[in-house]
Amino acid sequence: MPLTDVQLHYIDSLEEVMNFKRWLGERREINFISSDTETSGLSLENDRVRMIQFGDLHHGWAMARDEWLGVARDTFKTYEGDFVFHNAPFDVGFLRDSCQINIPTHRVRCTMVRSKVLEPHMSAALKQQATRYVDAVAAGSQKKLDEALGARGAWTWGTVPCEFEPYWSYAALDAVLTAHLEAHHGPLVEAEAPKAYDLEMTVYWVIERMERYGAHIDVKYAREKYDAFTRYVEESADWILRTYGVKAGSNAAIIGVLTEAGYRFNKMTQGGAQALDKEVLGDIDHPLAQTVLQRRQLQKLTSTYLSHFINEVDASDCIHPSINSLGTRTSRMSMSDPNLQNLPRKSENNPGADTIRNSITTRYDGGRLLMCDFDQIEMRLLAHLSADHGLIEAFRSEGDFFVNVARQMFDDPEFKKSDPRRQLVKNSQYAQIYGAGIPKFAKTAGVTEDVARAVFNRLHQLYPGVRKFQKSVDEVAWGRFNTEGQAYVRSPLTNRRHVADGGKVYALVNYLIQGTAAEVLKMKILAADAAGLGDYLVVPVHDELIIDVPGDMVTDAAHALLKSMNDTELFSVPITASVSVGERWGSKEAWSE
DNA sequence: GTCGCTTGCCAC
DNA sequence: AAACGTGGCAAGCGAC
């Protein structure tokens, strides 16, 4: 679909407005128009819309916001088809907050979501997609603009004049590219995986509200901890420099000192250097090694987490991380600035870690955080997908799943939950989900390879369906690779594609399990929203949903959450969830009436 | 000074 | 035959 016969227009007169309106009223072969905005930057709070564009397969129109906002507003009001954006929440959010233009979400389409549903393993950026599916020449427009901006030196996205031709033509062309992309991707997605697309589009707007709601920080507490940890980080760096003459952050230099002292380094990094990670350091009984270890730990806490908590709160002491609802190839969400999905958990060998989760608190006087997480959802999905009777039975029968498995594995009906071998059973199950080999599993579980092999063998013997499932995934994927040129499988709930990359076909088993779990969470977020909790959602963490509610809502909200998250319909084993409650994320207790 | 790469580390 | 998956982020360091 090469780009011939395309005209780009810049509205700079009433006459051009008339031409634009004539174009808008034309009958066209598509039942949508595309739209796009150029902004002064990426921040919804601090930046503004500078230009608004519309387009179809043949025409692209750009108009400066300051002169023709009324025309744009009128267009969104009167056009009766759908509006297509690339990364819709960005433009829809800016049009709403910066221009007071509200576009009904059910009439919004997004070519970025289309791209991610069709090609979860590829870049969904407009330029990349357009280069492959519209016209390779299109990718050049960005370069042309960059060069033009660079040559003028001082111009930025906030200051480049709208009438500067490379700027507006680049902007108008994006709308045309988006229209072409929709013409290509739309029918494919509707034929292949409409449910996946609909799920993502619906969840988009709930997530966007979650970002605006944010998470509340106990700033005073976070600052106290930040100061104390920073003091240690600085003083220990001074001490290391004074005592050993090396920088505390320079691994090569520290390895030099420790080698002098007689220690040997055998573990290698991926790049071929000698590794100095926490495992290596932990084995070295030397004050330098121990200090480096402790310092690293506290530096991680201050720089990655606490500094965000004290520096990036708004007037209500809330942070607003970005949530990328399609941030991963498996359809898991990702978060950034900061990432609240990887806050450290309480642990014996990381004593300071507690303070991070405890910095997140309820925003209400007397309010509570409710944390609702699925019980072993990935294991349950393995049971469902493999249809293995033994595994399904282990979930349907009373008691702890891993204990049930262990009882069979060790042929010991008296096996207790406190038995240390339970952890080995758990490790072996997860190793299977991830597709680990025997050496890796042995290392993770801390057992010999012989033991690891025996455990794997026993698992295969007890649950033969799992291996059959893995084998069938492999066969389907290779079959498609041979006939269609691509190894992929489809998710059970929405028919979404999961594509093997780099020849790692074995990873598709994990993609199916992880991806299906992610889809379940998204469905449950919608259920929670429908139950009236949409305005209280704080963070999604893969198998967990955290909400912040006023004190008088706790009981109702907990019930609604559980009702939303539990599910006996979707799969052959029930999906169950549990709620815990606390004023702080880190100090939660199981919830009961 | 910025950029990109490497190393290491946090979660599910 | 060979093989743990998905992410975000900060510091150090060499290159431009």
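Below, read A as the first sequence line, B as the second, and so on, with proteins coming before strands; counting in each chain starts at 1.
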ask   = Out of dC4(C), dG7(C), dG12(C), which has the shortest distance to the side chain of Ala436(A)?
value = dC4(C)
message = Classify His498(A) by what it touches in the nucleic acid, base, sugar-phosphate, or nothing, heavy-atom distance under 4.0 Å.
response = nothing
ask   = Looking across every strand, which nucleic acid part, if any, lies under 4.0 Å from Ala353(A) by heavy atom: base, sugar-phosphate, or nothing?
value = nothing
Selection from dC4(C), dG8(C), dC10(B) that lies nearest to any side-chain heavy atom of Thr444(A) = dC4(C)
note = Side-chain contact check for Ser334(A): nearest option of dG8(C), dC10(B), dG8(B) is dG8(C)
Exam field: side chain Asn358(A) to backbone Gly586(A), donor-acceptor pair closer than 3.5 Å = yes
query = Looking only at side-chain N and O atoms, does Lys278(A) come under 4.0 Å of OP1 or OP2 in dC10(B)?
reply = yes
inquiry  = Taking the minimum atom-to-atom distance to the side chain of Tyr506(A), which one of dA3(C), dT6(C), dA11(B) wins?
reply    = dA3(C)
query = Which part of the nucleic acid, if any, lies within reach of Met333(A) when heavy atoms closer than 4.0 Å are counted: base, sugar-phosphate only, or nothing?
reply = nothing
Atom pair distance, as rounded to whole Å: CD1 in Ile513(A) and C1' in dG5(C) = 10 Å
ask   = Tyr511(A) side chain N/O closer than 4.0 Å to the phosphate oxygens (OP1, OP2) of dT6(C)?
value = yes
inquiry  = Below 30° counts as parallel, above 60° as perpendicular, anything between as tilted: where do the rings of Phe456(A) and Phe441(A) land?
reply    = parallel
query = Can you find an N or O donor on one side and an acceptor on the other, under 3.5 Å apart, linking the side chain of Ser303(A) with the base of dC9(C)?
reply = no
ask   = Does Arg332(A) get its side chain close enough to the base of dC12(B), under 3.5 Å, for a donor-acceptor pair?
value = yes
inquiry  = Considering every strand and a 4.0 Å limit on heavy-atom distances, what is the contact class for Ala518(A): base, sugar-phosphate, or nothing?
reply    = nothing
query = Just how far, in rounded Å, is P of dC9(C) from CD1 of Ile356(A)?
reply = 15 Å
message = Regarding Asn324(A), tell me which of base, sugar-phosphate or nothing describes its non-hydrogen contacts under 4.0 Å with the strands shown.
response = nothing
query = Would you call Asp354(A)-Arg345(A) a salt bridge at under 4.0 Å N-O?
reply = no
Closest to side chain of Asp277(A), choosing from dC10(B), dG5(C), dG8(B) = dG8(B)
task = Starting from P on dG5(C), measure out to CD1 on Ile377(A) and report it in whole angstrom.
result = 21 Å
task = For the residue pair His286(A) and Tyr244(A), categorise the inter-ring angle as parallel (less than 30°), tilted (30 to 60°) or perpendicular (more than 60°).
result = tilted
Minimum-distance nucleotide (side-chain atoms of Ala507(A) versus dT6(C), dG5(C), dT7(B)) = dG5(C)
request  = Could you tell me whether Leu276(A) contacts a base, only the sugar-phosphate backbone, or nothing, with contacts defined as non-hydrogen atoms closer than 4.0 Å?
outcome  = sugar-phosphate
ask   = Can you tell me if the side-chain N/O atoms of Ser250(A) get under 4.0 Å from OP1 or OP2 in dC13(C)?
value = yes
ask   = With respect to the side chain of Thr304(A), which nucleotide from dC4(C), dC9(C), dA11(B) is positioned closest?
value = dC9(C)
Glu235(A) with Arg231(A): basic N within carboxylate O range, under 4.0 Å = no
request  = Have a look at Glu378(A) and say if it touches a base, only the backbone sugar-phosphate, or nothing, with a 4.0 Å heavy-atom cut-off.
outcome  = nothing
request  = Verify the contact: side-chain N or O of Lys504(A) to OP1 or OP2 of dA2(C), cut-off strictly under 4.0 Å; return yes or no.
outcome  = no
key: Nearest-angstrom distance from the residue atom CG of Leu306(A) to C1' of dA10(C)   = 14 Å
query = Expressed in angstrom and rounded to an integer, what is the separation of Glu544(A) atom CD from dG7(C) atom C1'?
reply = 16 Å
task = Kindly say whether Tyr232(A) contributes a backbone atom to a donor-acceptor pair with the side chain of Arg295(A) at under 3.5 angstrom?
result = no
message = In this structure, how many angstroms lie between the C1' atom of dG8(C) and the CZ atom of Arg329(A), rounded?
response = 17 Å
ask   = With sugar-phosphate meaning primed atoms plus P, OP1 and OP2, does Arg295(A) contact a base, only sugar-phosphate, or nothing at under 4.0 Å between heavy atoms?
value = nothing
For atom CE of Met268(A) and atom P of dT7(B), their distance in whole Å = 11 Å
ask   = Quick one: does NZ or CZ of Arg584(A) land under 6.0 Å from the six-membered ring centre of Tyr221(A), within 45 degrees of the ring axis?
value = yes
message = Under 4.0 Å from OP1 or OP2 of dC9(B): is there any side-chain N or O of Arg296(A) that close?
response = yes
Shortest side-chain distance from Asn342(A), nucleotide among dC9(C), dG7(C), dG5(C) = dG7(C)
inquiry  = At 4.0 Å (heavy atoms only), tell me whether Phe441(A) reaches a base, stays on the sugar-phosphate, or touches nothing.
reply    = nothing
query = Atom CG of Leu298(A) to atom C1' of dA11(C): distance rounded to whole Å?
reply = 16 Å
query = Under 30°, 30 to 60°, or over 60°: which ring-plane class applies to Phe402(A) and Tyr430(A), parallel, tilted or perpendicular?
reply = tilted
inquiry  = Over all strands shown, is Gln514(A) touching base, sugar-phosphate only, or nothing at heavy-atom distances under 4.0 angstrom?
reply    = base
note = Considering only heavy side-chain atoms of His542(A), the closest of dG8(C), dC10(B), dC12(B) is dC12(B)
key: Selection from dA10(C), dG8(B), dC12(B) that lies nearest to any side-chain heavy atom of Asn251(A)   = dG8(B)
